[in-house]
*Asks:* 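Quick one: structure below, then a few questions.
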Amino acid sequence: MKLYFSQNSPYARRPRLVLHEAGLQDEVEEEDLTPRAENDAVLFANGPGGKVPALITNTGAFIVESLLICRYLDDLSGNKLTPPQPEERDKAIQLEGTASVLMDTLYFRTHEGRRDESHQVSTVKEKDAKIAMATYDALNEAAADFGDTINLGIITTISALGYADWRHPSDNWRDGRPLLADWYERISNRPAMKLTAPIY
Ligand SMILES: N[C@@H](CCC(=O)N[C@@H](CS)C(=O)NCC(=O)O)C(=O)O
């Protein structure tokens, strides 16, 4: 099995964290396609999207979309990253959804900001910034229960916040959100978090 990624993709960081936190290193090989422009051919040869992350399974399927790949890898691990209790499981899925919203809104804002000034829509950027702020607040509230648990929701939260630090440092997401900031500081020391962090 092979997982294609690029080091600074927040979407690719999710399944990479699943792979390393669930101990699937012997079953899934990783291939870094950075820099993307030079290495995209393998993605287009296998599917129409040309995006990372992408997984080639042992049966030859080419799976895209971070959420699907995370689920696939978690299944493979015997659901190591899904809490067995219904209440905890549902809370982890809720967290995964909230952090996915954050990741999408940050990513869209990055790309809106790259368009020519004259084509940028300030209301779109403002709406995305507002959603990001509300999402940081929701994550801060949820962080009261994070502890040192690792699950798919936690993994998505780390991937989104790591991207926020890189692309949207002026959001200052730590300001006024001490629970989230302290937890992130602690969890960032894990080897898998360090290995998959964006480099800039
Ligand atoms: N919804 C997709 C988004 C994946 C995505 O947008 N990946 C970016 C890298 S962060 C990419 O490969 N972009 C290249 C492109 O759009 O050409 C997922 O969750 O996997």
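Remember, it's 1-based here, ligands and their atoms both numbered in the order they're listed. Side-chain atoms are counted along with the backbone in the values below, which use heavy atoms only and exclude waters and symmetry mates. Along the sequence shown, residues are numbered consecutively beginning with 1. Quick caveat: nothing in here was measured; it's all calculated off a predicted structure.
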*Asks:* Could you please provide the protein residues found below 4.0 Å of ligand 1 on a heavy-atom basis, arranged by chain and number?
*Replies:*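 Under the 4.0 Å cut-off, ligand 1 touches Ser9, Pro10, Tyr11, Arg36, Lys51, Val52, Pro53, Glu65, Ser66, Tyr107.
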
*Asks:* Kindly write out the residues that satisfy side chain to side chain contact (heavy atoms under 4.5 Å, CB included) with Lys127, not counting sequence neighbours, or none if the list is empty.
*Replies:*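 With sequence neighbours excluded, Lys127 shows a side chain to side chain contact (heavy atoms under 4.5 Å, CB included) to Ile131, given in chain and number order.
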
*Asks:* Asp148: what forms a salt bridge (charged side-chain N to carboxylate O under 4.0 Å, His left out) with it, not counting sequence neighbours?
*Replies:*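 Expected list: Arg186.
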
*Asks:* Taking only Lys NZ, Arg NE, NH1 and NH2, and the carboxylate oxygens of Asp or Glu, determine whether Glu30 and Arg16 approach each other closer than 4.0 Å.
*Replies:*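 Answer for the salt bridge query: yes.
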
*Asks:* Do His20 and Thr196 meet the criterion of a side-chain donor-acceptor pair at a distance under 3.5 Å?
*Replies:*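 No, Thr196 and His20 have no side-chain donor paired with an acceptor closer than 3.5 Å.
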
*Asks:* Mind checking what makes side chain to side chain contact (heavy atoms under 4.5 Å, CB included) contact with Ala138, not counting sequence neighbours?
*Replies:* Thr98

*Asks:* When you look at CD of Gln25, are more than 12 heavy atoms from neighbouring residues, nucleotides or ligands closer to it than 6.0 Å?
*Replies:* yes

